[in-house]
Amino acid sequence: TEAPKPITSAKDPRFAPTLYAHVGQAESWTLEYYQRNGGYEGVKRAFAMGNDAVIEEVKKSGLRGRGGAGFATGLKWSFMPLNDGRQHIVLCNADESEPGTFKDRYLMSEDPHQLIEGMLIGGFAMRATLGYIYIRGEYVHAAERLWAAIKEARAAGLLGQNILGSGFDFDIQVHRGAGAYICGEETALMNSLEGLRANPRLKPPFPAAAGLYGLPTTINNVETFCAVTHILKYGADWHANMGTEKSKGMKLFQISGPVRKPGVYELPLGTTFRELIYDWAGGPTEEMKAIIPGGISCQLLPYTETILDTPMDYEALAAAGSSLGTGGVTLIPKSASIVNTTFNSVRFYAHESCGKCTPCREGISGWMVKMYEKLVRGKGQPGDTQLILDMADNIGGRSFCALADACLGPVLSSIKLFRAEYDLAEQGQLLQGGGRWRDE
Ligand code: NAD
């Protein structure tokens with residue numbers, strides 16, 4: 001028999017949203033609603049399959065981490081040691097802070113049991129007994145919904161000892177961050193959970209070898225755990241049949257900037273920018289010049305017909321010179337100065353740098369932000385752009401964690417694509433004929 005055709009477009013009549021299926025429904029966050037709509041069926045199937053079969057199922061589904069890096073989830077789970085006698089931990093990275101990224105907050109506030117179930121499945125597969133959700137401090141509402149859902153799950157025997165008679169013990173704690181972007185870096189997050197300053201740790205060792213309190217730990221993003229819930233409920237083939245050959249499943253794409261309907265759209269991986277921007281988000285409200293494809297650490301792409309027809313998946317975006325990242329698409333209009341937009345990004349990274357390593361502390365937080373400040377305040381001089389490029393050369397690949405390199409994404413791509421605007425800024429002008437500051 002012929003293999004079923006993969007679903008690569010949300011226009012395909014076979015496509016139905018799952019992750020966001022209940023967002024916006026009354027009482028969607030309660031256990032009663034969740035169970036009424038087939039909730040906790042995935043974990044029951046997981047218990048029936050056994051730990052190792054669950055890991056194989058996740059591998060087979062082709063799921064890749066939805067935090068941004070796209071690392072194969074099943075493979076990551078298989079790194080956890082077997083029967084080593086130590087406590088195992090699963091961590092959920094809910095410190096969603098990448099500018100342009102706002103998908104996880106609604107998963108947690110509108111459908112918290114979906115996440116709890118995904119963590120239960122992960123905990124069971126990896127022989128963990130404890131799960132932590134490290135949630136961004138500003139997400140107060142989502143944290144409250146999570147606390148309430150965990151309480152309900154405990155009372156119903158879905159968390160705690162001998163869950164649903166399976167012999168599996170597992171509980172989840174929610175920990176609120178205190179407002180630092182670096183806490184989303186997985187090793188900094190673990191330090192923060194341990195009560196230490198959130199400085200990143202060197203990798204390797206990776207968390208499966210030595211994670212929280214030195215124990216075997218696996219950390220996944222909120223959306224990743226939620227996807228696992230549906231993979232166990234509907235099967236690996238169902239998931240592998242959506243998306244493209246190497247980028248499977250659906251993704252929560254976010255779109256912001258001057259479009260008619262900004263927001264979060266659940267679409268199969270491989271959906272084109274054109275579909276997202278025009279068919280779902282209602283089209284731009286002004287003329288565009290650039291696209292940030294997946295959070296500001298990604299390289300900018302030009303707003304061209306070719307890019308609009310590019311599928312949003314890991315491979316196609318890498319081939320286009322950028323990355324899928326968090327799927328947080330931000331549009332930059334022609335009226336915005338690219339130098340000033342990039343200054344906003346650089347300022348963000350400088351503010352969020354932990355200051356531990358010299359290239360980031362002195363390079364990004366010191367020199368880079370000052371150079372941009374000079375350009376946007378009309379004090380640019382010939383040679384400034386070259387100096388920025390030289391600095392980037394000395395920072396790139398030399399920092400302790402990914403933060404400094406992430407800052408260079410918008411810097412280098414904006415210079416490459418919009419050098420003329422930098423030349424203008426060296427003359428003391430932001431845009432031909434004046435231009436306005438985006439944050440004015
Ligand atoms: P990474 O590629 O270093 O790692 C991704 C994951 O795979 C990690 O869990 C890591 O432990 C694991 N991994 C990678 N190589 C491994 C190996 N050899 N053995 C075992 N495990 C391995 O990326 P990262 O620094 O964790 O994350 C960078 C991404 O984070 C960027 O793509 C960016 O888009 C994203 N990001 C997201 C947010 C957000 O709010 N969601 C914020 C900032 C950055």
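Just so you know, ligand 1 is whichever comes first in the structure, and atom 1 is the first atom listed for that ligand.
By the 4.0 Å heavy-atom criterion, Gly184 is excluded from the residues contacting ligand 1. For Gly65, the heavy-atom gap to ligand 1 stays at 4.0 angstrom or more. Lys203 counts as a contact of ligand 1, since one of its heavy atoms falls under 4.0 Å from the ligand.
With Ala406, Gly67, Gly328 as candidates, the residue nearest to atom 36 (N) of ligand 1 on a non-hydrogen basis is Gly67. Here the shortest heavy-atom distance to atom 39 (C) of ligand 1, taken over Glu98, Lys103, Arg66, Lys76, belongs to Glu98.
Distance from atom 25 (O) of ligand 1 to its nearest protein heavy atom, with residue and atom name: Ala402 CB, 4.0 Å. The protein heavy atom nearest to atom 21 (N) of ligand 1 is Phe206 CD2, 3.4 Å. For atom 33 (C) of ligand 1, the closest non-hydrogen atom on the protein side is Ser297 OG, 4.0 Å.
Results of the side chain to side chain donor-acceptor pair (under 3.5 Å) test with Lys103 over Glu266, Glu223, Gln254 single out Glu223 as the only residue that passes.
In this structure, Tyr40 and Tyr34 have perpendicular ring planes: the angle between them is above 60°, well past the 30° mark. Between Phe168 and Phe124, the ring planes are perpendicular. Angles over 60° get that label, and only those under 30° would be called parallel. Ring geometry, Tyr106 versus Tyr20: the interplanar angle exceeds 60°, so the pair is classed perpendicular (tilted spans 30 to 60°). In this pair, Trp77 and Phe225 present their aromatic rings tilted. The plane angle is within the 30 to 60° band.
Applying the 4.0 Å criterion to heavy atoms of Glu96 picks out, from ligand 1, the atoms 40 (O). Ligand 1 places these atoms under 4.0 Å from at least one heavy atom of Phe71: 6 (C), 7 (O), 13 (N), 14 (C), 15 (N), 16 (C), 22 (C). When each atom of ligand 1 is checked for a heavy atom of Gly325 under 4.0 Å away, the hits are 34 (O). Proximity to Glu186 (heavy-atom distance under 4.0 Å) selects the following atoms of ligand 1: 8 (C), 9 (O), 10 (C), 11 (O). For ligand 1, the atoms sitting less than 4.0 Å from at least one non-hydrogen atom of Phe79 are 19 (N), 20 (C), 21 (N), numbered in the order shown with element in parentheses.
Checked by atom type, the side-chain pair Gln114/His22 shows no donor-acceptor distance below 3.5 Å. One side chain, Gln87 or Thr129, offers a donor N or O that lies under 3.5 Å from an acceptor on the other.
For Ser97 (side chain) and Asp95 (main-chain N/O), a donor-acceptor pair under 3.5 Å exists by modelled atom type. Judged purely by atom type and a 3.5 angstrom limit, Ser414 has no side-chain atom pairing as donor or acceptor with the backbone of Ile338. Between the Ser166 side chain and the Ile163 main chain, a donor and an acceptor come within less than 3.5 Å of each other.
Residue Asn221 has no nitrogen or oxygen atom sitting less than 3.5 Å from a nitrogen or oxygen atom of ligand 1, judged on distance alone.
The proximity of Ala69 to ligand 1, defined as any non-hydrogen pair under 4.0 Å, involves the side chain as well as the backbone. With a heavy-atom cut-off of 4.0 Å, Pro207 touches ligand 1 through its side chain alone.
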